[in-house]
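First up is the structure itself, then whatever we jot down about it.
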Amino acid sequence: MESLRLLLDGFATALTPVNLLYALAGVTLGTLVGVLPGIGPAMTVALLLPVTFSVPPASAFIMFAGIYYGGMYGGSTTSILLNTPGESSSMITALEGNKMARRGRAAQALATAAIGSFVAGTVATGLLVVAAPLVVEFAISFGPEDYFALAVLAFTAVSSVLSRSVVRGLASLGFGLAIGLVGIDEQTGQARLTLGVPQLLGGIEVVVVAVGLFALGEALYVASRLRHGEPEIIPVGRAFLGRSDWSRSWRPWLRGTALGFPFGALPGGGAEIPTFLSYSIEKRLARGTAREEYGRGAIEGVAGPEAANNASAAGTLVPLLTLGLPTSATAAILLAAFQQYGLQPGPQLFDHNPALVWGMIASLFLGNAMLLVLNLPLAPLWARVLHVPRPYLYAGIVLFAALGVYALNASWIDLVVLYVLGLLGFAMRRFGLPVAPAVIGMILGPMAEIQLRRALAIGAGDPAVLVRSPVALAFLGLAALALLAPPAGKAVARRFGGPAVRRSDDG
């Protein structure tokens, strides 16, 4: 009942005219960037961090949440019409969705994706309302050693699961931890890694790192791989579902939701695994005509994975809001946004800023309804966005990133750091290093250092204090499992002659 009361207070915050406009702007922008290949919600939120510096926190996070959900919706459009997923989590949708479109059923594919996203997003947000207070009750008793172990779990999970190899993930994490060390040591007052530049004594702004590595690095990488010529876009009419399509879609929507939410809430779970599992389950359960359609455009192969994709987005917010633990690239950027406003996600955020947290959660229900209205009747309009000339698009991103970062402090040093980090982000993508661990290392590294020092001070310098707490011991055990599971899985696959499943690189 307490959660319900807080949720109603959140609706009071989200339903103000100003916040409704921010929610509408967020879902519209999120759908737009989801449609465009190579521009995901993580890049968009990163680009908007400098611009929203003067916006009230509740309004800014309502807009960011809309961008997050909208990006998940929009990613299905480019997968279905272009066979070019905008996000790695939309790859499974492209398998059957594009084949449906080529058979003249693009409208039905887009409709089952949009309605499935609405169903999954609404149910998963309801589960978020139930789960978040329970996790907060558990986390409120954490000590410094528990928070340090939680940071180690975040580092290892993201480095191992969001990367093609553990070594590459840890290398990216090392870059991020090094960036987080720049500035003055709070305990000793010594300058660290500032290279004699006075402007770096206060450290590198989280916004500059997020925009440089994500937005600028991604724009440079996508532009470098740009193919000349107009892409083949399948025409589409108004999205709709017939009675047969409804009967074939509603069960995959519910099964996809049940898979997506728990995987999204797990450290490193992400959306790729539940979308793949959903596709496999629907294919296994298909009978008769539906089974014959797999590989030629089965509607169940679109409905289930899209529901799992959107449910995982709500699941990702559980560890982010309650523990400050990002489990995806977009969640890492949202964590950077919290830090921009001087806020630290965790149990205290629910106590000190309930209007912000519950307003953001309530806005997810409203944003889902807005997205359904935007995506069903306006599907042909979103398809036209795919005709935007790519060179203009990516040049605009580079210019917008520079203007936004310069506006923060009017410092040319920030611009130099931005372009250095942009080139680093480009190089990381070029050589297969994931960017998300670097951003998470930069954001959580200083927090982990502070909690480690506090724990050692309480234990009079005895390292054993780090494993005396059962919670810390459990987190460290999970961290070890996250590091050892991928190479162990590959070894078992080689031993028994089966191919190892490779995860897509998220950011």
Side-chain angles (χ1 to χ4, degrees), residues 3 6-7 10-11 13-14 23 26-27 30 40-42 44-45 57-58 60-73 87 89 117-118 120-139 150 154 157-158 257 259-271 274 307-339 341 343-350 353-368 371 436 440 443-444 506-507:
S3 296
L6 291 168
L7 181 62
F11 274 111
T13 300
V27 297
T44 310
V45 175
F61 282 100
I62 284 173
M63 183 170 70
F64 291 154
I67 292 170
Y68 189 21
Y69 264 30
M72 296 296 173
Y73 272 72
E87 287 282 298
S89 54
S117 296
F118 171 76
T122 303
V123 173
T125 305
L127 293 174
L128 169 63
V129 172
V130 175
L134 298 177
V135 179
V136 166
E137 285 296 321
F138 168 66
L150 182 63
V158 173
T257 304
L259 283 170
F261 182 81
F263 269 98
L266 291 172
N309 184 19
N310 281 267
S312 72
T316 296
L317 294 177
V318 175
L320 176 66
L321 295 177
T322 59
L323 300 173
L325 182 66
T327 59
S328 71
T330 309
I333 300 299
L334 288 173
L335 181 59
F338 276 108
Q339 292 203 345
Y341 284 99
L343 303 170
Q344 179 59 47
Q348 292 185 349
L349 185 67
F350 281 76
N353 300 92
L356 186 154
V357 175
W358 290 101
M360 178 181 174
I361 293 173
S363 74
L364 296 176
F365 288 105
L366 302 175
N368 261 312
L371 282 164
I440 291 173
I443 296 170
L444 292 185
D506 182 12

Which pair of heavy atoms, one from [X] and one from [Y], lies closest together, and at what distance?
| X | Y | value |
| --- | --- | --- |
| Ile62 | Ala23 | CG2-CB, 3.7 Å |
| Asn310 | Ala120 | CB-CB, 4.4 Å |
| Thr322 | Pro347 | O-CD, 3.2 Å |
| Val318 | Phe261 | CG2-CZ, 3.8 Å |
| Ala65 | Leu364 | CB-CD2, 3.6 Å |
| Leu335 | Gly324 | CD2-O, 4.0 Å |

>> Go through it in stages, so that I can follow the logic: the residues are Ile361 and Leu6, the test is side-chain contact (heavy atoms from CB on, under 4.5 Å), and I'd like the CA-CA distance, side-chain angles, deciding distance and then a yes or no.
In response: CA-CA 10 Å; Ile361 293 173; Leu6 291 168; over 6 Å; no
Extract all donor-acceptor atom pairs below 3.5 Å that involve side chains of residues 122-130 and protein atoms in other chains or at least two apart in sequence.
{"unit_1": "Thr122", "atom_1": "OG1", "unit_2": "Phe118", "atom_2": "O", "d": "2.8"}
{"unit_1": "Thr125", "atom_1": "OG1", "unit_2": "Tyr69", "atom_2": "OH", "d": "3.0"}
{"unit_1": "Thr125", "atom_1": "OG1", "unit_2": "Gly121", "atom_2": "O", "d": "2.6"}

> With sequence neighbours left out, what residues match Glu137 under side-chain contact (heavy atoms from CB on, under 4.5 Å)?
Replying inline: none
> Pro326 pairs by side-chain contact (heavy atoms from CB on, under 4.5 Å) with which of Thr316, Leu444, Ile333?
Replying inline: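 Single pass found, and it is Leu444.
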> Angle class for the Phe350/Trp358 ring planes (parallel below 30°, perpendicular above 60°, tilted otherwise)?
Replying inline: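 Plane angle over 60°, so perpendicular.
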> Step by step, would you call Phe61 with Leu356 a side-chain contact (heavy atoms from CB on, under 4.5 Å)?
Replying inline: CA-CA 8 Å; Phe61 282 100; Leu356 186 154; 4.2 Å; yes
For the atom pair [atom1] ([X]) and [atom2] ([Y]), what is the distance rounded to the nearest 0.5 Å?
| X | Y | atom1 | atom2 | result |
| --- | --- | --- | --- | --- |
| Leu321 | Asn353 | CG | CG | 11.5 Å |
| Leu349 | Met360 | CG | CE | 9.5 Å |
| Phe11 | Leu366 | CZ | CG | 5.5 Å |

